[in-house]
Enquirer: 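Take this structure, written in structure tokens, and hold onto it; I'll ask about it next.
As the structure lists them, so they are numbered: ligands from 1, and atoms in each ligand from 1. Quick note: residue numbers are just sequence positions, from 1.
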Amino acid sequence: MKEAIIAEFNQRFSGEPLIVRSPGRINLIGEHTDYNDGFVLPASVDKYIYVATSKRNDREIHLYSIGFQEECKASLASPGIPQQHWAKYILGVAAQLQKNNFPLAGFNLVFDGDIPMGAGMSSSAALECATVFALNELFGLSISKIEMVKMAQMAEHEYAGVKCGIMDQFASMFGKENKAIQLDCRSLHYEYVPLEMKGIQIVLLNTNVKHQLASSEYNVRRQQCEDAVNLISKHQPQVQSLRDANMKMLDEWVKPVDASMYRRCKYVVEEIERLQNACRDLSNGDLKAFGKKMFETHDGLSKLYNVSCSEADFLVDAVRSNPNVIGARMMGGGFGGCSINLVKEEAIQQLVEEIREPYYNFSGLHLDVYIANIRNGTELC
Ligand code: GLA
């Protein structure tokens with residue numbers, strides 16, 4: 001892929017490009033907890049966005065997407081919101097850098113990647129992280145990784161209109177080979193957790209449902225959580241986010257006001273606790289207990305948080321009583337994307353064969369399957 005991008009770059013622009021790649025991510029457990037100041041357990045995987053970039057002598061930004069075969073031109077003075085969806089992530093990052101007073105000049109950028117889009121593997125965060133990392137190198141800006149992550153997240157808020165938490169950009173930037181990242185989204189303290197899953201692989205089953213609802217419903221969930229915190233904090237001013245809430249508070253202050261909001265918050269409060277117990281399972285080497293919690297997370301996401309879809313439910317239900325599957329759940333923001341499954345290595349092929357046709361009969365969609373190998377985060381290459 002790197003060679004193809006360099007070749008495309010050389011056809012369009014002059015000068016030696018700087019190449020950066022940034023990975024997609026999985027998340028083992030802890031979903032919709034990041035923007036509630038909870039914990040997450042993501043890892044970066046061997047699917048990437050590659051960008052090639054070079055300086056220009058003017059104050060223009062010239063972009064080209066190999067995958068979309070589209071170009072986009074903008075000026076640094078007023079990047080604006082482009083028509084092309086993909087360009088929003090790049091211009092969004094350039095805008096953030098300028099907003100934070102980092103001196104940019106014009107640049108060329110070509111990108112491509114193999115992170116499936118809309119699969120809940122955060123291809124957009126990878127593009128943002130690759131862009132911010134590349135521009136940091138290109139212009140010698142000396143920005144810390146965590147600052148880059150925050151600017152990438154804000155690019156998503158302000159240019160793509162999704163009020164995402166910090167997990168995706170953090171995982172893409174900070175990923176480490178064979179480690180998951182246990183991240184406290186409040187303090188941003190993190191630990192690398194070794195993933196010793198001998199004989200077990202992380203298998204992603206892509207529903208291939210394109211998230212139509214994903215961004216609007218995502219923002220609605222986030223708002224419901226904030227509204228609930230406002231209800232509680234009237235009585236308990238120390239409660240700043242759902243991280244500080246417990247079931248008693250929800251029963252007392254949220255349930256009587258809004259039943260749907262109550263269900264959403266119940267899921268979040270339970271999930272924040274579940275992740276901490278799941279991390280204990282991992283360090284005790286108890287994968288069975290960990291896997292059971294993944295199914296519980298799925299049920300919460302599906303029945304309480306209402307961000308699953310019938311296709312993802314189908315895939316999780318199809319493996320629920322399979323003794324070769326340790327755990328499974330929908331992954332990411334929801335309304336499509338992938339399910340994440342921990343599967344005994346020797347049983348993967350058979351599992352996929354058994355599930356493919358029934359899935360097609362159920363949904364009319366083809367199933368794509370990826371084995372996720374955990375690799376390093378954003379880097380020069
Ligand atoms: C999306 C968001 C993340 C996170 C997940 C759900 O991927 O970008 O910040 O909230 O959904 O866990």
Enquirer: How about F111 and Y50: are their ring centres within less than 6.0 Å of each other?
Expert: no
Enquirer: If you count the atoms of ligand 1 from 1 in the order shown, which ones are under 4.0 Å from a heavy atom of H32?
Expert: 6 (C), 12 (O)
Enquirer: Please list, in number order, the atoms of ligand 1 under 4.0 Å from a heavy atom of M167.
Expert: 4 (C), 5 (C), 12 (O)
Enquirer: N/O of G165 under 3.5 Å from N/O of ligand 1, yes or no?
Expert: yes
Enquirer: Show the atoms of ligand 1 that are less than 4.0 angstrom away from any heavy atom in Y218.
Expert: 1 (C), 2 (C), 3 (C), 4 (C), 9 (O), 10 (O), 11 (O)
Enquirer: Ignoring hydrogens and geometry, is there a side-chain-to-backbone donor-acceptor pair from Y89 to A152 under 3.5 Å?
Expert: no
Enquirer: Can you list the atoms of ligand 1 that are under 4.0 Å from a heavy atom of Y35?
Expert: 10 (O)
Enquirer: Just to check, does R25 reach to within less than 4.0 Å of ligand 1 when the distance is taken from its heavy atoms?
Expert: yes
Enquirer: Going by an N to O cut-off under 4.0 Å, is there a salt bridge joining K88 and E156?
Expert: no
Enquirer: Find the distance between OG1 (T131) and CD (Q96) and round it off to the nearest 0.5 Å.
Expert: 12.5 Å
Enquirer: Any nitrogen or oxygen of E31, main chain or side chain, under 3.5 Å from a nitrogen or oxygen of ligand 1?
Expert: yes
Enquirer: Quick one: is the NZ or CZ of R12 closer than 6.0 Å to the six-membered ring centre of Y64, and within 45° of its axis?
Expert: yes
Enquirer: I want to confirm something. Looking only at heavy atoms, which of D168, N27, D34 is nearest to atom 1 (C) of ligand 1?
Expert: D168
Enquirer: Please answer whether the main-chain N or O of N373 pairs with a side-chain N or O of D46 as donor and acceptor at a distance below 3.5 Å.
Expert: yes
